[in-house]
Structures are given as C-alpha cells and as structure tokens.
Amino acid sequence: MITLPDAFKKFKSSLELNEKERTNASKRQKEVRGHLEDAYDIADSFLTGSYARWTKTKPLKDVDIFFVLGDGEAHYRNKHPDVILTDFHKTLEDVYGRDAVKKQGRSVGVDFGVVVDSDDNTDFRVVSVDAVPAFVDGDNYVIPNNSNGKWMGTNPKIHADKAVAAHQAFSNEWKGLVRMVKYWNQNERHDEKPIKPSFLIEVMAMECLHGGWGGSHDREIQFFFATLRDRIHEDWPDPAGLGSPVSDRMDSAMIARAQRILDTANKDIAHAIDLGRKGKNGDALKAWRVFFGPKFPRS
Ligand SMILES: Nc1ncnc2c1ncn2[C@@H]1O[C@H](COP(=O)(O)OP(=O)(O)OP(=O)(O)O)[C@@H](O)[C@H]1O
Ligand SMILES: [Mg+2]
C-alpha cells in the first residue's frame, strides 16, 4: 500500500499540467484566436490566469486567454464592457453553438464538449476556455468588469511574480498546495464551490502560507485550512493593487456557508491525520480521498 507522504506526492503531480495538456491548450488558443480574428483586430493573445501560473487545478476548465484588442477596436474602451462581451459572445456562439458559449462577468466561456470521467480525467484535453477581451493600459491591462460596469485594471505578470516568490519561499511546494486546495473547493460534495472565485484561495495563500515548508503536506493543509476558516471573512484586495477586491463576490451568506464548510473540513482533516498517526494507513487514504476527490490516489 502507498504511504501517506507518497500519496500526497502522487496527488500533487496528478494535478500538474503535462505536455499533452499544454499542447491542447495552445491548439485551442490558436483556434479561438482564429475565429475572433475574423471579426476583430486582435493585437495579441496569450494563455494566462492560474493556467499560466501553474496554480490551475484539474480538470482543466475555464483556462483564461487574454485577447488584446488592437487600435481598430479602441472604441470599445469607451463603452460599457458588456458591449464587447456581448459581441464576443455572438461571434463565438456562431462558431461553437449556443449551448457551448456563455457570457460571464469578465469573459466569454467556450465549452469544447470534452467528457470528464469519474476520476476527473479528460484524456489530456481542456474542457473549456474563458476568452477575456483586454486592452493594454500602460504597464497593465484593463479587462471587463460587468459587476460595476467598468473596465478593471489587472497585471498577470505581477500575479505570476508573486506566485513564484511564494512558491520559492515555501520550498517549491506552494503551487502544489494551492492546486490541492482548489481541487477540494470544487469537490462535487459541496454542490457549489464554498470559496468564490477560486483565485481567492491563491490570494489568501500568498499571505497565509509563510514561515516555510514544514515537511509534510497533511500538516500544511491542516494549517492552511485553519487560516482559511479564520480569515475568509476579511477583505482581500487584488495583490497587484489594480483590480476590484478579489473577495468581493463573497457576500455575508456565502461567508457564513464557507465558514460552516471549512469547520467541517478542519474536523475531517484532523480525523484523517489521526488515522494516519494510529497506523491505519488504508483508512487514512480513504479519508483523504473523500476529502479531496477522485484524484487523491488509493494506491
Ligand atoms: N479582482 C481582480 N483584480 C485584478 N485581477 C484579477 C482579479 N480577479 C482575477 N484577476 C486576474 O485574472 C485572472 C483570471 O481570473 P480567474 O478568476 O479565472 O482566476 P484564476 O486565477 O485563473 O483561477 P481559476 O483557476 O479558477 O481559473 C487571475 O488569475 C488574475 O490574474
Ligand atoms: Mg481562470
């Protein structure tokens, strides 16, 4: 039977991006860019968000692609950002069909109809992407923010640099932990994600996972969940200081729900660690698998 430390290592690597997935993501990026270029002046496009920082969890859903609009589209910048989102939606709906395309607050989602199996595998394919219209704004970008009807500043490079700094300060275990906690967050046992957006988990981890890696995944998970519970009600600004607070979707009812779920999670973690300490390895593996979901290995 696999040991608990090895199970966590295996779990960590199963949530890592591999070559086939990256090939598929860049193929989809080119494909969507091609369709958008038929209708718009696209100056640049790149894969970004958690995907580019290696903090995206599996299955690969909602991979962010920034589509930087060129001078020919400058007029959109003076309009309500819903205008470009509506137009992107229309363009992509014509290609992918009504059921596959949805307009969101900051992007247009395109679903490729990839089947996710019961072990959360997708045969190395990206399930969906989020096409984000963007304009260059000095050293930064602006992207739509439909919740307040304004264009919002963002800077993927600052987010990426902060993630790298946190990762290095944590013996290169930080990104793996972030992916694990994001995987827990989307466990279907919750019906709906307790923490939204999942970027909030990463932002909290930037501040809360410090003091260095203590040497075991289960203990770090325990510590981080305790902090998530204690601090989920706080305001969490954009780490780059440009966009709206990352915590602005968590209203008081969502915070109360997240706190309840995190209380249970903390009990479940203590129980799983206890089983391991008592030498009940098989039971501990089972408990962690229920806790995280099917990508936590049984053997
Ligand atoms: N409030 C914000 N202010 C500034 N930039 C933001 C804000 N929210 C998100 N971003 C940027 O946009 C990117 C994409 O947002 P998204 O919500 O998809 O997060 P994500 O980190 O990609 O997480 P997920 O794994 O859930 O896709 C983020 O990674 C971050 O760089
Ligand atoms: Mg994303």
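Numbering of ligands and ligand atoms starts at 1, following listing order. Counting begins at 1 with the first residue of the sequence.
Ring orientation note: the planes of Trp184 and Phe225 are nearly perpendicular, at an angle over 60° on the 30°/60° scale.
If you check which protein heavy atom lies closest to atom 6 (C) of ligand 1, you get Thr154 OG1, 3.7 Å. Distance from atom 1 (N) of ligand 1 to its nearest protein heavy atom, with residue and atom name: Ser244 O, 2.7 Å. From the protein, the heavy atom lying nearest to atom 31 (O) of ligand 1 is His159 ND1, 2.6 Å. In terms of protein heavy-atom proximity, atom 7 (C) of ligand 1 is nearest to Met152 CE, 3.8 Å. For atom 27 (O) of ligand 1, the closest non-hydrogen atom of the protein is Lys56 NZ, 2.7 Å. Atom 3 (N) of ligand 1 has Gly243 CA, 3.3 Å as its closest protein atom, hydrogens excluded (heavy atom only). Nearest protein neighbour of atom 9 (C) of ligand 1, counting heavy atoms only, is Phe199 CD2, 3.6 Å. Scanning all protein heavy atoms for the shortest distance to atom 21 (O) of ligand 1 gives Arg53 NH2, 2.7 Å.
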Inset, instruction - Please lay out, stage by stage, how Val116 and Thr122 fare under the test side chain to side chain contact (heavy atoms under 4.5 Å, CB included). - result: CA-CA 5 Å; Val116 179; Thr122 62; 3.9 Å; yes
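Less than 4.0 angstrom separates some heavy atom of Lys182 from each of these atoms of ligand 1: 23 (O), 24 (P), 25 (O). Taking every heavy atom of Ser198 and a limit of under 4.0 angstrom, the matching atoms of ligand 1 come to 23 (O), 24 (P), 25 (O), 26 (O). Interface atoms of ligand 1 facing Gly153, defined by a heavy-atom separation under 4.0 Å, are 4 (C).
The side-chain tip of Arg28 points at the ring of Phe112 from less than 6.0 angstrom away and within 45° of straight on.
No continuous path of ILVMFWY side-chain contacts below 4.5 Å connects Tyr51 to Ile201, so the two sit in separate hydrophobic clusters.
Using a 4.0 Å threshold on non-hydrogen atoms, atom 12 (O) of ligand 1 does not count as touching the protein.
Under a 4.0 Å N-O distance rule, the pair Asp263/Lys267 does not qualify as a salt bridge. We find that Glu207 and Arg231 are joined by a salt bridge, their nearest charged nitrogen and carboxylate oxygen being less than 4.0 Å apart. A salt bridge links Asp94 with Lys90: at least one charged nitrogen is closer than 4.0 Å to a carboxylate oxygen. A salt bridge is absent between Asp111 and Lys102: the closest approach of a Lys/Arg side-chain nitrogen to an acidic carboxylate oxygen does not fall below 4.0 angstrom.
Distances from atom 23 (O) of ligand 1 to the heavy atoms of Pro197, Ser50, Ala52, Pro156 put Ser50 nearest. Nearest to atom 22 (O) of ligand 1 by heavy atom, out of Asp64, Val246, Val132, is Asp64.
Close N/O approach between Arg106 and ligand 1 is found [any backbone or side-chain N/O within under 3.5 Å]. The N/O atoms of Lys61, backbone and side chain alike, include none that comes under 3.5 Å of an N/O atom in ligand 1. Polar contact with ligand 1: absent for Asp130 (N/O pair, distance under 3.5 Å).
Between Arg257 and His190 the shortest side-chain heavy-atom distance falls below 4.5 Å.
Taking backbone and side-chain atoms together, Asp64 has an N/O/S atom less than 2.8 Å away from the Mg ion (ligand 2).
Counting only distance, with no hydrogens or angles, the side chain of Arg289 and the backbone of Pro294 share a donor-acceptor pair below 3.5 Å.
Annotation: Phe8 is in aromatic contact with Phe296 [ring centroid separation under 6.0 Å].
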